[in-house]
Asks: 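Sharing a structure with you now.
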Amino acid sequence: MSGNVDEEEANVTHTGPKGVINDWRRFKLESMDQESLPPQKRELLRQMSSPHRPKDDGRGGLNRKMSVQEYELIKEDDEKCMKKYRKQCMQEMHERLSFGPKFEGVYELDSGEAFLEVIEKEHRLTVVVVHIYKEGIKGCEALNSCLDCLATEYTSVKFCRIDAGVTGAGERFTDDVLPTMLVYKAGELLGNFLATNQHFNEEFFATDVEAFLNGYGLLPEKDLVVGGEEEEAAVDVEAVE
């Protein structure tokens with residue numbers, strides 16, 4: 001029975017200032033390469049991350065104060081680990097508040113089945129932008145580059161691309177309608193833009209595609225990031241340093 005209780009306690013996500021510190025300590029332990037750590041450092045992190053009070057230590061595990069010696073032992077790893085922890089906290093908060101999942105880069109779809117799956121099974125709040133292209137067709141390469149850029153700024157949007165030849169509907173996506181850009185949300189087609197490059201100048205950039213999609217109200221708010229890291233976290237983890 002006691003073993004089950006310990007296991008349940010280990011999986012608890014704490015709240016409040018002490019809870020944040022406890023979660024940070026546990027994250028730090030789990031994210032480090034345990035085998036490469038000196039024994040003294042490994043044992044210290046284990047004690048700091050213990051979800052319950054050790055029987056042989058009346059001062060307790062998680063909530064005890066760190067000594068100067070202990071701090072000196074682990075502080076060199078704090079900054080890197082803190083950035084990872086902050087990013088994880090923000091992503092978990094993002095999903096918990098029903099903003100939908102976050103994505104990285106442009107996803108290459110390799111079949112008509114994959115095309116249908118991303119439309120029908122994606123999160124109901126996620127905007128899906130699909131670029132249908134063909135190698136050598138004017139505008140396709142430029143649009144691919146533009147979407148690569150936008151994917152880094154709109155991580156709540158799922159950007160995808162698929163070669164017209166593997167869609168299973170090649171007769172519909174002939175060379176004269178490429179590049180085609182389709183926009184979906186909750187399985188519904190919101191935008192159907194054939195020969196998309198005709199909406200732009202001969203040379204166009206990510207800002208042009210962004211303004212075009214925003215003109216139809218198809219993009220959500222741009223991610224608020226500074227220097228690639230979220231500077232304003234709703235969960236204040238600075239206190240654990």
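Quick note: numbers below take in every heavy atom, side chains included, and nothing from hydrogens, waters or symmetry partners. Just so you know, residue 1 is the first one in the sequence shown, and it goes up from there.
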Asks: Please say which of Ile132, Val129, Asp148 ends up in a side-chain contact (heavy atoms from CB on, under 4.5 Å) with Arg161.
Replies: Asp148
Asks: Any side-chain heavy atom of Thr180 sitting closer than 4.5 Å to one from Asn192?
Replies: yes
Asks: May I ask you to check whether over 12 heavy atoms, not counting those of Glu203, lie within 6.0 Å of atom CD?
Replies: no
Asks: So if you build clusters from Ile, Leu, Val, Met, Phe, Trp, Tyr with side-chain heavy-atom gaps below 4.5 Å, do Val106 and Val209 land together?
Replies: yes
Asks: Answer whether the closest heavy-atom distance between the side chains of Val118 and Tyr107 falls below 4.5 Å.
Replies: no
Asks: Could you pull out the closest heavy-atom pair between Pro179 and His131, with the gap in Å?
Replies: CB-NE2, 3.1 Å
Asks: Any link between Leu147 and Leu219 through a network of hydrophobic side chains (Ile, Leu, Val, Met, Phe, Trp, Tyr) touching at under 4.5 Å?
Replies: yes
Asks: Hey, are the side chains of Asn197 and Leu143 touching, using non-hydrogen atoms and a 4.5 Å cut-off?
Replies: no
Asks: Considering residues at least two apart in sequence or located in another chain, which fulfil the side-chain contact (heavy atoms from CB on, under 4.5 Å) criterion with Asp163?
Replies: Tyr133, Val166
Asks: Using the side chain to side chain contact (heavy atoms under 4.5 Å, CB included) rule, take Phe115 and Leu182 through it: C-alpha gap first, then chi angles, then the decisive distance, then the call.
Replies: CA-CA 11 Å; Phe115 182 19; Leu182 307 178; 3.8 Å; yes
Asks: Mind listing the closest non-hydrogen atom pair of Pro101 and Glu122 along with its distance?
Replies: CG-OE2, 4.0 Å
Asks: Just one of Val127, Val157, Val128, Ile119 clears the side-chain contact (heavy atoms from CB on, under 4.5 Å) bar with Lys185, so which one?
Replies: Val127
Asks: Flag yes if Leu189 and Leu125 sit in one hydrophobic cluster, no otherwise; membership is Ile, Leu, Val, Met, Phe, Trp, Tyr, and two members link when side-chain heavy atoms are under 4.5 Å apart.
Replies: no
Asks: Just so I know, are the side chains of Phe193 and Leu218 near enough to count as touching, which here means a heavy-atom distance under 4.5 Å?
Replies: yes
Asks: Considering residues at least two apart in sequence or located in another chain, which fulfil the side-chain hydrogen bond (donor to acceptor under 3.5 Å, both in side chains) criterion with Asp175?
Replies: Lys134
Asks: Say you draw a straight line from CG of Leu213 to CG of Asp208; how long is it, rounded to the nearest 0.5 Å?
Replies: 11.0 Å
Asks: Are Cys146 and Glu210 side-chain neighbours, meaning at least one heavy-atom pair lies under 4.5 Å?
Replies: no
Asks: Taking side chain as C-beta onward, heavy atoms only, is Phe212 less than 4.5 Å from Met181?
Replies: yes
Asks: Going from CG on Leu194 to NE2 on His199, what distance comes out if it is rounded to the nearest 0.5 angstrom?
Replies: 8.0 Å
Asks: Within this structure, what is the CG-CD distance for the pair Asp176 and Gln198, rounded to the nearest 0.5 Å?
Replies: 9.0 Å
Asks: Please report the interatomic distance NE2(His123) to NZ(Lys102), rounded to the nearest 0.5 Å.
Replies: 14.0 Å
Asks: Answer yes or no: is there a side-chain heavy-atom contact under 4.5 Å between Phe103 and Thr126?
Replies: yes
Asks: Could you identify which residues cluster with Phe205, counting Ile, Leu, Val, Met, Phe, Trp and Tyr as linked when any side-chain heavy atoms lie under 4.5 Å apart, either directly or through a chain of such contacts?
Replies: none
Asks: Mind checking the CZ-CD1 spacing from Phe173 to Ile137? Nearest 0.5 Å is all I need.
Replies: 14.0 Å
Asks: Atom CD of Glu120 and atom OH of Tyr184: how far apart are they, to the nearest 0.5 Å?
Replies: 10.0 Å
Asks: Got more than 12 heavy atoms from elsewhere within 6.0 Å of CD, Glu108?
Replies: yes
